[in-house]
Amino acid sequence: MAFRGRLRLAAVALALTALGGVALAAEPEKAATDKPQIDRPLGVVELFTSQGCSSCPPADELFAELAGKDDIVALAYHVNYWDYLGWQDTLSTKENTERQYDYMRAFGSRSVYTPQAVINGRSHVNGASRKDVDGALARMDRTGEGMRVAIKVSRTSDRVMIDAGDAGNGPADAHVVIVYFDPPQMVKIGQGENSGRSLTYWNAVSDIQTAGMWHGKAQRYELPMTEIAKKGGCAVLLQSVGKDGMPGPILGAAFIHKP
């Protein structure tokens, strides 16, 4: 299923307010603050993994380290095509698997695999290789293929504000994608290739929604706090999409922290 068609519009009816280069109007109440917001992280790591794959635990361990870094937006997509080996991944979804297949088509690949780490939506490497993951992040940061657009997140008592910056002479269009994920959880695996192991999984993606479009200029998007509060965690990705609907480079990203 194509990326464009698969990511359903957020049912929360996000309110969009185009800034058009004009300064934002003052908020009715002062935005709350947490720890300092990083509006341009080093990059985005999307790990495609499975509880039923014996090659995945080393990648899951490396991913846990990445998830603990403030300058990396790390998201784990559990897929379901290894379930036939005897264990149904408790965190997998059909949508996660479809996202990996969409990346496969976007990259011109002939097959999918686990553990696969997609870096900034631009390339993929072995998710268990620290050298390959770190190398791809560093290389893209040097070559201007990192987070080119600043994403700032603030909040009041009842809403979250997502401010996407101006691209300058960069790309003109992208989707604002909201990715929800579960809190860390330990899973005892009863069957399959990892039978008998108890593994802890971080930032396992549970839902993906498209919140709107960004057209290269500074723009604000609002999300009800109630929608954030009922989820384990949340991140926003500013991701370009090809004419064929396939996912493209990620231009900006940020975590949306709960109160």
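We number each residue from 1, following the sequence as shown. The structure displayed is predicted, hence computed values, not measured ones.
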I'd like to know if the side chain of [X] pairs up with that of [Y] as donor and acceptor (distance under 3.5 Å, no hydrogens or angles considered).
| X | Y | value |
| --- | --- | --- |
| H78 | N96 | no |
| S195 | W87 | no |
| D132 | S129 | yes |
| Y201 | Q185 | no |
| D102 | Q100 | no |

Could you tell me whether the side chain of [Y] reaches within less than 4.5 Å of the side chain of [X], counting heavy atoms only?
| X | Y | answer |
| --- | --- | --- |
| T210 | V176 | no |
| E46 | V179 | no |
| L75 | V45 | no |
| V44 | L237 | yes |
| L66 | V133 | yes |
| I72 | P41 | no |
| I250 | M147 | yes |
| D207 | Q209 | yes |

Taking all non-hydrogen atoms of both residues into account, name the closest pair between [X] and [Y] and its distance.
| X | Y | value |
| --- | --- | --- |
| A128 | P115 | N-CG, 4.1 Å |
| P57 | S54 | CD-O, 3.4 Å |
| G52 | N194 | C-ND2, 4.1 Å |
| S92 | D83 | OG-OD2, 4.2 Å |
| V153 | A254 | CG2-CB, 4.1 Å |

Notebook entry, point to check: Looking at R220, R155, K217, which one forms a salt bridge (charged side-chain N to carboxylate O under 4.0 Å, His left out) with D163?
Noted result: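 Output: one option passes, namely R220.
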
Under 3.5 Å, side chain of [X] to main-chain N/O of [Y], donor-acceptor pair present?
| X | Y | answer |
| --- | --- | --- |
| D89 | N80 | no |
| N120 | R122 | no |
| N203 | F181 | no |
| S50 | W82 | no |

[atom1]/[X] to [atom2]/[Y] distance, rounded to the nearest 0.5 angstrom?
| X | Y | atom1 | atom2 | value |
| --- | --- | --- | --- | --- |
| R148 | L238 | CZ | CG | 11.0 Å |
| E98 | T93 | CD | OG1 | 8.0 Å |
| I256 | M161 | CD1 | CE | 11.5 Å |
| M246 | M104 | CE | CE | 9.5 Å |
| I189 | S198 | CD1 | OG | 8.0 Å |
| L223 | R159 | CG | CZ | 11.5 Å |

Linking I/L/V/M/F/W/Y whenever their side-chain heavy atoms sit closer than 4.5 Å, directly or via other members, would [X] and [Y] fall into one cluster?
| X | Y | answer |
| --- | --- | --- |
| V118 | Y113 | no |
| V205 | Y81 | yes |
| I208 | V79 | yes |
| V187 | F48 | no |

Notebook entry, point to check: Which of these passes side chain to side chain contact (heavy atoms under 4.5 Å, CB included) with W214: V149, I151, I162?
Noted result: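 So the option named by the test is V149.
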
Next item on the list: Would you list the pairs meeting side chain to side chain donor-acceptor pair (under 3.5 Å) in which at least one residue belongs to residues 138-147, sequence neighbours left out?
Entry: T143-E145

Check: Does S206 have any side-chain contact (heavy atoms from CB on, under 4.5 Å) partners at least two apart in sequence or in another chain, and if so, which?
Finding: Y180, D182

Next item on the list: Please identify each residue that fulfils side-chain contact (heavy atoms from CB on, under 4.5 Å) with A150, with sequence neighbours left out.
Entry: D39, R40

Next item on the list: Would you list the pairs meeting salt bridge (charged side-chain N to carboxylate O under 4.0 Å, His left out) in which at least one residue belongs to residues 55-69, sequence neighbours left out?
Entry: E65-R130

Checklist line | Summary of salt bridge (charged side-chain N to carboxylate O under 4.0 Å, His left out) pairs that have at least one residue in residues 188-201, sequence neighbours excluded | finding: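 The answer is none; no pair qualifies.
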
Next item on the list: For E222 and V160, run side-chain contact (heavy atoms from CB on, under 4.5 Å): C-alpha distance rounded to whole Å, both residues' side-chain angles, the deciding distance at 0.1 Å, then the answer.
Entry: CA-CA 6 Å; E222 294 186 2; V160 170; over 6 Å; no

Notebook entry, point to check: Under the 4.5 Å side-chain heavy-atom rule for ILVMFWY, direct or indirect, which residues accompany W202?
Noted result: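 Direct or chained contacts put W202 with L47, F63.
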
Check: Would you say the ring centroid of H124 lies under 6.0 angstrom from that of Y103?
Finding: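 For H124 and Y103, the ring centres are not under 6.0 Å apart.
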
